[in-house]
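Encoded as C-alpha coordinates, the structure appears first; notes follow it.
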Amino acid sequence: NAGVTQTPKFQVLKTGQSMTLQCAQDMNHEYMSWYRQDPGMGLRLIHYSVGAGITDQGEVPNGYNVSRSTTEDFPLRLLSAAPSQTSVYFCASSYKRGGRSSYEQYFGPGTRLTVT
Amino acid sequence: AQKVTQAQTEISVVEKEDVTLDCVYETRDTTYYLFWYKQPPSGELVFLIRRNSFDEQNEISGRYSWNFQKSTSSFNFTITASQVVDSAVYFCALSEVFEGNTPLVFGKGTRLSVIA
(Lines give C-alpha, C1' and ligand atoms only; values in the text may rest on other atoms or scores of the structure.)
Protein backbone atom coordinates (compact mmCIF):
# COMPACT_ATOMS: atom_id res chain seq x y z
CA ASN A 1 0.00 0.00 0.00
CA ALA A 2 1.18 3.52 -0.79
CA GLY A 3 -0.80 4.86 2.17
CA VAL A 4 -1.83 8.50 1.90
CA THR A 5 -0.27 10.39 -0.99
CA GLN A 6 -0.32 14.12 -1.63
CA THR A 7 0.63 16.10 -4.70
CA PRO A 8 2.32 18.42 -5.27
CA LYS A 9 4.97 18.51 -2.53
CA PHE A 10 5.66 22.20 -3.11
CA GLN A 11 3.68 24.94 -4.85
CA VAL A 12 4.03 28.68 -5.28
CA LEU A 13 0.95 30.65 -6.28
CA LYS A 14 0.24 34.27 -6.95
CA THR A 15 -2.58 35.97 -5.10
CA GLY A 16 -5.88 35.27 -6.83
CA GLN A 17 -4.80 32.09 -8.58
CA SER A 18 -6.68 28.88 -8.04
CA MET A 19 -5.37 25.38 -7.60
CA THR A 20 -6.22 21.95 -6.28
CA LEU A 21 -4.19 20.00 -3.76
CA GLN A 22 -4.56 16.31 -4.40
CA CYS A 23 -4.92 13.65 -1.75
CA ALA A 24 -5.39 9.93 -2.34
CA GLN A 25 -5.37 6.85 -0.16
CA ASP A 26 -5.38 3.19 -1.14
CA MET A 27 -6.40 1.72 2.21
CA ASN A 28 -10.18 1.92 1.60
CA HIS A 29 -10.54 4.31 4.52
CA GLU A 30 -13.94 5.93 5.00
CA TYR A 31 -12.75 9.06 6.71
CA MET A 32 -10.51 11.72 5.19
CA SER A 33 -9.50 15.13 6.46
CA TRP A 34 -7.47 18.18 5.53
CA TYR A 35 -5.40 20.09 8.06
CA ARG A 36 -3.20 23.11 7.75
CA GLN A 37 -0.10 23.69 9.83
CA ASP A 38 1.13 27.17 10.57
CA PRO A 39 4.14 28.09 12.73
CA GLY A 40 3.23 28.02 16.39
CA MET A 41 -0.37 27.00 15.66
CA GLY A 42 -0.26 23.23 15.53
CA LEU A 43 -2.54 21.60 12.96
CA ARG A 44 -6.05 22.92 12.36
CA LEU A 45 -8.86 21.09 10.62
CA ILE A 46 -10.07 22.61 7.34
CA HIS A 47 -12.63 20.10 5.98
CA TYR A 48 -13.38 16.47 6.49
CA SER A 49 -15.38 13.67 4.90
CA VAL A 50 -17.01 10.61 6.45
CA GLY A 51 -17.47 8.89 3.11
CA ALA A 52 -17.97 9.41 -0.61
CA GLY A 53 -20.44 12.21 -1.23
CA ILE A 54 -20.33 13.56 2.34
CA THR A 55 -18.19 16.48 3.49
CA ASP A 56 -18.29 18.96 6.33
CA GLN A 57 -16.41 22.00 7.57
CA GLY A 58 -13.73 22.03 10.19
CA GLU A 59 -12.26 24.86 12.22
CA VAL A 60 -10.82 26.96 9.36
CA PRO A 61 -12.86 26.26 6.17
CA ASN A 62 -12.98 29.74 4.63
CA GLY A 63 -11.32 29.97 1.24
CA TYR A 64 -11.31 26.22 0.65
CA ASN A 65 -13.67 23.81 -1.10
CA VAL A 66 -13.70 20.03 -1.05
CA SER A 67 -15.62 17.22 -2.67
CA ARG A 68 -15.49 13.45 -2.25
CA SER A 69 -16.67 11.65 -5.35
CA THR A 70 -14.73 8.45 -4.60
CA THR A 71 -13.51 6.72 -1.44
CA GLU A 72 -9.90 7.09 -2.57
CA ASP A 73 -9.66 10.80 -3.38
CA PHE A 74 -10.26 13.97 -1.39
CA PRO A 75 -9.02 17.06 -3.25
CA LEU A 76 -8.76 20.47 -1.62
CA ARG A 77 -9.49 23.47 -3.83
CA LEU A 78 -8.28 27.01 -3.30
CA LEU A 79 -10.57 29.18 -5.39
CA SER A 80 -8.67 32.46 -5.09
CA ALA A 81 -5.41 32.08 -3.21
CA ALA A 82 -4.46 34.63 -0.57
CA PRO A 83 -1.14 35.12 1.30
CA SER A 84 -2.93 34.01 4.48
CA GLN A 85 -3.21 30.56 2.91
CA THR A 86 0.56 30.12 2.90
CA SER A 87 0.94 27.00 4.99
CA VAL A 88 1.77 23.32 5.03
CA TYR A 89 -1.25 21.19 4.21
CA PHE A 90 -1.70 17.66 5.47
CA CYS A 91 -4.26 15.16 4.33
CA ALA A 92 -5.21 12.29 6.64
CA SER A 93 -7.40 9.23 6.54
CA SER A 94 -8.82 6.81 9.07
CA TYR A 95 -11.17 3.86 9.14
CA LYS A 96 -13.99 2.28 11.06
CA ARG A 97 -13.36 -0.84 12.99
CA GLY A 98 -16.21 -2.82 14.49
CA GLY A 99 -18.65 0.02 13.87
CA ARG A 100 -16.53 2.57 15.72
CA SER A 101 -14.00 4.91 14.22
CA SER A 102 -10.39 3.84 14.48
CA TYR A 103 -9.27 7.17 15.91
CA GLU A 104 -5.81 6.83 14.40
CA GLN A 105 -5.20 9.22 11.57
CA TYR A 106 -2.80 8.21 8.80
CA PHE A 107 -1.14 11.35 7.47
CA GLY A 108 0.22 12.13 4.04
CA PRO A 109 3.65 13.76 3.63
CA GLY A 110 2.25 17.26 3.28
CA THR A 111 2.15 19.99 0.63
CA ARG A 112 4.05 23.21 1.26
CA LEU A 113 2.15 26.10 -0.32
CA THR A 114 3.39 29.65 -0.67
CA VAL A 115 1.11 32.42 -1.89
CA THR A 116 2.86 35.63 -2.95
CA ALA B 1 -15.39 22.44 23.33
CA GLN B 2 -12.22 20.47 22.90
CA LYS B 3 -8.86 22.02 23.60
CA VAL B 4 -5.31 20.77 23.92
CA THR B 5 -2.64 22.85 25.62
CA GLN B 6 1.07 22.25 25.31
CA ALA B 7 2.49 24.98 27.46
CA GLN B 8 6.11 24.27 26.60
CA THR B 9 6.87 25.91 23.29
CA GLU B 10 10.51 24.87 23.13
CA ILE B 11 12.70 22.63 25.27
CA SER B 12 16.42 22.11 24.98
CA VAL B 13 18.24 19.27 26.72
CA VAL B 14 21.65 17.70 26.60
CA GLU B 15 21.88 14.20 25.23
CA LYS B 16 21.12 11.44 27.77
CA GLU B 17 18.97 13.70 29.91
CA ASP B 18 15.38 12.73 30.58
CA VAL B 19 12.71 15.13 29.35
CA THR B 20 8.96 15.37 29.91
CA LEU B 21 6.60 17.03 27.47
CA ASP B 22 3.39 18.24 29.04
CA CYS B 23 -0.09 17.97 27.56
CA VAL B 24 -3.30 19.18 29.19
CA TYR B 25 -6.65 18.69 27.51
CA GLU B 26 -10.24 19.83 27.86
CA THR B 27 -13.31 17.93 26.74
CA ARG B 28 -16.91 17.58 27.84
CA ASP B 29 -17.08 13.97 26.74
CA THR B 30 -16.36 11.03 28.97
CA THR B 31 -15.15 8.96 26.04
CA TYR B 32 -12.25 10.22 23.99
CA TYR B 33 -8.86 9.35 22.57
CA LEU B 34 -5.51 11.04 23.13
CA PHE B 35 -2.57 10.89 20.78
CA TRP B 36 1.05 11.91 20.48
CA TYR B 37 2.67 12.58 17.13
CA LYS B 38 6.29 13.35 16.30
CA GLN B 39 7.26 15.70 13.48
CA PRO B 40 10.98 15.40 12.70
CA PRO B 41 12.82 18.06 10.68
CA SER B 42 11.85 16.21 7.48
CA GLY B 43 8.26 17.30 8.12
CA GLU B 44 6.19 14.14 8.15
CA LEU B 45 3.91 13.28 11.06
CA VAL B 46 4.81 10.10 12.87
CA PHE B 47 2.21 8.42 15.06
CA LEU B 48 3.56 7.52 18.51
CA ILE B 49 0.66 6.45 20.69
CA ARG B 50 -3.12 6.37 21.08
CA ARG B 51 -4.76 6.09 24.49
CA ASN B 52 -8.51 5.85 25.17
CA SER B 53 -10.14 7.54 28.12
CA PHE B 54 -11.00 4.26 29.82
CA ASP B 55 -7.42 3.11 30.08
CA GLU B 56 -5.38 5.06 32.58
CA GLN B 57 -2.52 2.63 32.70
CA ASN B 58 0.80 4.20 31.94
CA GLU B 59 2.59 2.90 28.89
CA ILE B 60 6.24 2.36 28.16
CA SER B 61 7.78 1.73 24.78
CA GLY B 62 11.53 1.59 24.86
CA ARG B 63 12.78 5.01 25.95
CA TYR B 64 9.31 6.51 25.62
CA SER B 65 6.68 6.52 28.34
CA TRP B 66 3.32 8.16 28.76
CA ASN B 67 1.51 9.17 31.92
CA PHE B 68 -2.26 9.57 31.57
CA GLN B 69 -4.09 11.15 34.52
CA LYS B 70 -7.78 11.86 34.07
CA SER B 71 -7.94 13.64 37.42
CA THR B 72 -5.69 16.40 36.09
CA SER B 73 -6.67 16.01 32.39
CA SER B 74 -3.06 15.42 31.49
CA PHE B 75 -1.28 13.07 29.12
CA ASN B 76 2.42 13.69 29.54
CA PHE B 77 5.19 12.17 27.46
CA THR B 78 8.64 11.34 28.84
CA ILE B 79 11.74 10.49 26.85
CA THR B 80 14.39 8.74 28.90
CA ALA B 81 18.06 9.12 28.01
CA SER B 82 17.30 11.47 25.15
CA GLN B 83 19.19 11.21 21.87
CA VAL B 84 19.87 13.68 19.10
CA VAL B 85 17.44 11.76 16.87
CA ASP B 86 14.66 12.71 19.30
CA SER B 87 14.96 16.33 18.16
CA ALA B 88 11.57 17.15 16.65
CA VAL B 89 8.30 18.89 17.24
CA TYR B 90 5.90 16.80 19.30
CA PHE B 91 2.15 17.23 19.12
CA CYS B 92 -0.47 16.07 21.54
CA ALA B 93 -3.97 15.63 20.08
CA LEU B 94 -7.49 14.77 21.21
CA SER B 95 -10.35 13.05 19.42
CA GLU B 96 -13.82 12.75 20.89
CA VAL B 97 -15.50 9.44 20.24
CA PHE B 98 -18.63 9.74 18.14
CA GLU B 99 -20.04 8.15 15.08
CA GLY B 100 -19.20 9.80 11.83
CA ASN B 101 -15.69 11.12 11.98
CA THR B 102 -12.56 11.35 14.01
CA PRO B 103 -11.10 14.78 13.44
CA LEU B 104 -8.24 15.60 15.75
CA VAL B 105 -7.74 18.71 17.82
CA PHE B 106 -4.03 19.39 18.14
CA GLY B 107 -1.98 21.29 20.63
CA LYS B 108 0.44 23.85 19.27
CA GLY B 109 3.37 21.54 19.67
CA THR B 110 6.60 21.45 21.67
CA ARG B 111 9.89 21.76 19.83
CA LEU B 112 12.48 19.53 21.47
CA SER B 113 16.16 20.06 20.75
CA VAL B 114 18.60 17.46 22.00
CA ILE B 115 22.16 18.70 22.01
CA ALA B 116 25.08 16.30 21.69
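The sequence lines fix the lettering, A, B, ..., with proteins before strands; numbering per chain opens at 1.
Using a 4.5 Å cut-off between side-chain heavy atoms of Ile, Leu, Val, Met, Phe, Trp and Tyr, with links allowed through other members, A/Val66 and A/Leu79 fall into different hydrophobic clusters.
Remark: B/Arg51 CZ is packed, more than 12 non-hydrogen atoms of other residues, nucleotides or ligands lying under 6.0 Å away. For B/Lys70, the NZ atom is densely surrounded, since the number of other residues' heavy atoms within 6.0 Å is greater than 12. Heavy-atom contacts from other residues, nucleotides or ligands closer than 6.0 Å to CZ of A/Arg44 number more than 12.
The two atoms that bring B/Leu104 and A/Tyr35 nearest to each other are N-OH, 2.9 Å, heavy atoms only.
One distance of note links CZ of A/Phe107 with CD of B/Gln39; it measures 10.0 Å at 0.5 Å rounding. Here the straight-line distance linking atom CD of A/Gln37 with atom CZ of B/Phe106 works out to 9.0 Å at 0.5 Å rounding.
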Working for side chain to side chain contact (heavy atoms under 4.5 Å, CB included), residues B/Tyr37 and A/Leu43: CA-CA 11 Å; B/Tyr37 283 86; A/Leu43 280 81; over 6 Å; no

